[in-house]
Every structure is written in C-alpha cells, then in structure tokens.
S.K.: 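One structure coming up, written as structure tokens, with questions to follow.
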Amino acid sequence: MTTVDLPLLPLGRGTDRTSERGVECPGDLPAPSDPGLVERARAAKEALGDRVFVLGHHYQRDEVIAFADVTGDSFKLARDAAARPEAEFIVFCGVHFMAESADILTGPDQKVVLPDLAAGCSMADMARLAQVEDAWDALADAGVVDSVVPVTYMNSSADIKAFCGRNGGVVCTSSNAEVALEWAFEQKPDAKILFLPDQHLGRNTAVQKMGLTLDDCVVWNPLRPGGGLTPEQLRDAKVILWKGHCSVHGRFSPAVVDELRATIPGVNILVHPECQHEVVLKADLVGSTEFIIQTIEAAPAGSSWAIGTELNLVKRLANAHPDKNIVFLDKTVCYCSTMNRIDLPHFVWAMESLVAGTVPNQITVDPETEKWALVALERMLALPGRTQKD
Ligand code: 13P
Ligand code: SF4
C-alpha cells in the first residue's frame, strides 16, 4: 500500500495540506513553548532530581509530555504513581481525579501536585456523591440494592470511588472494564451493576465485550426524579448506567465514520470506548489510549487509520508515524479543554515553586474518603489479567 499524504482533518478544512488550520499556526509564528520556559523547566527538574516524579497522561500537550518521567493511560499512571515511594513530590500532568487517585495510592509523606487546579473533568463532575446516594436509596426502595455491585470508572471523584469501596464495589479504567465487570458479576448471585459515571464505557463493555443486550441496560438520569426509571425497570436491568459522558469522545459520530470509509480506501477505524455505542459498533478496533498507541506502533507502514480519541494524542501519533496515514475521526478540532489547562507556564510555575520550598496546588483526599477509595482501587489493581483482554 502506498502512503497518501493525508491532512489530520480530511473532512474538515484539511484541503489545505501545508497548514492544518485551527490545529497549528502556519508561518513563522513562535513555537508554543517559549525557549526560555523550556530552559526553566529543565533547570527546575534538574534541581529537584529524584525528589520529583512527573506523570503525564497521553492527552497532555507535547510541551508538557516532554518533561514527563512516564506517560500512560489512567490505569498505567495509577500503577506508576504507586510504584515510586521514594519520590517526595508527584507532579501530575493530567486532570483532578487522576491526581486524587495518585494521592490515595501514594504514601502519607508524598505530596501530589496538579499544576492547574482548573484541570477538572466534565465527565467526573456528572456524578456527585449526593446524587449517587439518591440512586442507591431508589435501588433499596425497589428491593434490589442487596444485589447491586457499584463499579466506577477511574474518571470519577474520590468520594464516588469511596462509595464503591464501602459498598462492595470496584474502580475500573478503560483498560480493564471488562475484567472489572466480570469480577462484579461474580460477587453476588443475580448481581446487577451500577456503572458510574460514563454510560458509554459501561454500555460498550456490557454489550460488546460481555454479550449482554441493550435491553439488559437502563440509563439512570440523576437530573430526573427516580432517575427517570420505574422500580420495575430497576428490577429487570442487569446494568444500570449512569447518565454521564465524555464531552470529547461523545462528539465522534457514525456519520463521520461512514464518510471517512468512503474517502480513505482501507481505512481502519480505531476508537476509545468512551465513544457512543453507535460509533463503537462501526469501529474496527476499540480500546484505551494505551491500546490505541500499541495498535498504531504495531501497524504496517502505509496503513490508514482514523482515530477517535483526544486530539493531542492523535496529533502525536501522526507525527511519530509519518509512514502511516493517521487522521482524526472528526471534522473539527476538539481537544480536551481541561487536559489542555496544564501548559508549560503552569508546569514551570509548579516546578519552580517546589524548588523554592513551597508546594503549590497540593491535592489531598481526606482520610475517611481515602480509606474506602483505596479499597476500591486496590480491588482494581488485584483484578486478574488486569488489562484489556483483546
Ligand atoms: P484512559 O486514560 O483510561 O484511556 O482514559 C481516557 C480519558 O478520557 C482520560 O481522561
Ligand atoms: Fe474527562 Fe473526557 Fe477530558 Fe478525559 S477526555 S478528562 S473523560 S472530559
């Protein structure tokens, strides 16, 4: 197969192949990372030496990834954070729920820093503890709560993880959702799962991986009385999906998959399981960010890929594999705005503050929440096989 010089957004403004407008500035404009700042980041990292361990999620900007000691998806980063007990500071280049998990998994003397406190996650914000407790009460009223095992995606606040720990449940990530659901179904006779907060990951795993049907799943809408469900629907369901979603992955559409298949001969569609079910059904391969990277690394030269995940990662893969045709699965640019909050200025500020002896933006989880969230996280880390089964 010959390599075609595709733009990153082939259905968008990509007819201009020399500049991907909206993605990068064309012409002689300065690089996003001022060389002075790059030097300051390097100097601060050198001054801190082994006292600091920098974690970078795959959706981070290149200018930040350049300073990460390790990169990974949320599962790998949780494991990596726990494996560095000697580092005094963990600088987490990712979003708030990841930094919380790192604080829970690290020792009491280790300090976790999030370079910008505004780096939250809209999906995690879609499930609040009080709302989840209301849903639990409704399950009790329907007479089924004793068979429910709560499973929360890593992309949730520490108090939701603690809720799962307290109630016999587990945390999962996009790399191990199938193993986590298998584990949950084995915990009780006639088990049902309350899956928080991403309805798409829950549905895609239950239906595509575990052979359940769409009718086995119902959606609990926290903004409606009784979740918008009858007690009978709660009793009949195998999986109760929380009505949350990722604002980035929720954008990918089946129509664009069709357009790309018609435009790029032999294109492989590779998507993250946070995408809508209709997109996942049309995809060739589905998996976490780590799986997406491994798939592209193993792909033959000349093969074509349309990738449905965050744009920083897709761009990085396209740049790292010029022998493969890699495009974004959307017509328009869409970064995760909160992941992007961590930029080089914030990183330098955090690192220089540490050098100067102050700990900025420390993320701490209160002891009671930490205790139960750790139970749910440790159950996840102990799952057999642990990662994607494909
Ligand atoms: P993973 O890191 O588990 O692939 O999840 C992607 C994501 O949306 C993180 O916020
Ligand atoms: Fe949250 Fe989606 Fe951004 Fe991940 S990509 S941090 S799930 S909004």
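When a ligand or atom number is given, it counts from 1 through the structure's own listing order.
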S.K.: If you measure from CD on Q362 to CD on Q110, what distance do you get to the nearest 0.5 Å?
M.R.: 11.0 Å
S.K.: I'd like to know whether ligand 1 has Y59 as a neighbour, heavy-atom separation below 4.0 Å.
M.R.: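 Flag set, Y59 near ligand 1.
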S.K.: Should the pair R235-E232 be classified as a salt bridge under the 4.0 Å nitrogen-to-oxygen rule?
M.R.: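 No.
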S.K.: Counting from 1, what ligand 1 atoms have a heavy atom of S74 closer than 4.0 Å?
M.R.: 1 (P), 2 (O), 3 (O)
S.K.: Without swapping roles, check the side chain of E274 against the backbone of C246 for a donor-acceptor pair under 3.5 Å.
M.R.: no
S.K.: In terms of residue, atom name and distance, what is the protein heavy atom nearest to atom 7 (S) of ligand 2?
M.R.: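 Protein heavy atom with the smallest distance to atom 7 (S) of ligand 2: N155 ND2, 3.2 Å.
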S.K.: Examine the side chains of D73 and S175 and answer whether a donor and an acceptor come within less than 3.5 Å of each other.
M.R.: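 Yes, side-chain donor-acceptor contact under 3.5 Å.
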S.K.: Does any donor atom in the side chain of H277 or Q199 lie under 3.5 Å from an acceptor atom in the other side chain?
M.R.: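 Distance-only check fails for H277 and Q199.
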S.K.: Out of G120, S122, A124, whose heavy atom sits nearest atom 8 (S) of ligand 2?
M.R.: S122
S.K.: At the 4.0 Å heavy-atom cut-off, does E290 count as touching ligand 1?
M.R.: no
S.K.: For H272, which part has a heavy atom under 4.0 Å from ligand 1: side chain, backbone, both, or neither?
M.R.: side chain
S.K.: Going by the atom numbers of ligand 1, which of them fall below 4.0 Å from some non-hydrogen atom of N155?
M.R.: 7 (C), 8 (O), 9 (C), 10 (O)
S.K.: With a cut-off of 4.0 Å, which atoms of ligand 1 are near a heavy atom of S174?
M.R.: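 Taking each heavy atom of S174 in turn, ligand 1 has 1 (P), 3 (O), 4 (O), 5 (O) under 4.0 Å.
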S.K.: If the cut-off is 4.0 Å to any non-hydrogen atom of D73, which atoms of ligand 1 fall inside it?
M.R.: 1 (P), 2 (O), 4 (O)
S.K.: Atom CD of residue position E86 - does it have more than 12 heavy atoms of other residues, nucleotides or ligands inside 6.0 Å?
M.R.: yes
S.K.: Does H57 come within less than 4.0 Å of ligand 1, judged by its heavy atoms?
M.R.: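 Contact present.
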S.K.: C121 heavy atoms, cut-off 4.0 Å: which ligand 2 atoms fall inside?
M.R.: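 Those qualifying, in numeric order: 1 (Fe), 6 (S), 7 (S).
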S.K.: If I take every N, O or S atom of C336, is at least one of them less than 2.8 Å from atom 1 (Fe) of ligand 2?
M.R.: no
S.K.: Any carboxylate oxygen within less than 4.0 angstrom of a Lys/Arg side-chain nitrogen, looking at R84 and D80?
M.R.: no
S.K.: Can you confirm whether the side chains of T213 and D216 place a donor and an acceptor under 3.5 Å from each other?
M.R.: yes
S.K.: Which residue supplies the protein heavy atom nearest to atom 2 (Fe) of ligand 2, what is that atom called, and how far is it?
M.R.: C246 SG, 2.3 Å
S.K.: Can you confirm if the aromatic rings of F252 and F328 lie within a centre distance of less than 6.0 Å?
M.R.: yes
S.K.: Provide the number and element of each atom of ligand 2 under 4.0 Å from a heavy atom of Y59.
M.R.: 5 (S)
S.K.: Pick one of side chain, backbone, both or neither for how E274 approaches ligand 2, counting any non-hydrogen atom pair under 4.0 Å.
M.R.: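 Answer for E274: side chain.
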S.K.: Decide, yes or no, whether a salt bridge links E259 with K331 under the criterion of side-chain N to carboxylate O below 4.0 Å.
M.R.: yes
S.K.: Where's the contact between Y153 and ligand 1, heavy-atom distance under 4.0 Å: side chain, backbone, both or neither?
M.R.: side chain
S.K.: Among all the protein's non-hydrogen atoms, which is closest to atom 8 (O) of ligand 1, and how far away is it?
M.R.: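 Nearest protein contact, heavy atoms only, for atom 8 (O) of ligand 1 is E274 OE2, 2.9 Å.
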S.K.: Could D146 and K188 be called an ion pair, given the rule that one side-chain N must be under 4.0 Å from one carboxylate O?
M.R.: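 Result for this pair is no, no salt bridge flagged.
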S.K.: How does M98 reach ligand 1, by side chain, by backbone, by both or by neither, if only non-hydrogen atoms under 4.0 Å count?
M.R.: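 Under 4.0 Å from ligand 1, M98 contributes side-chain atoms alone.
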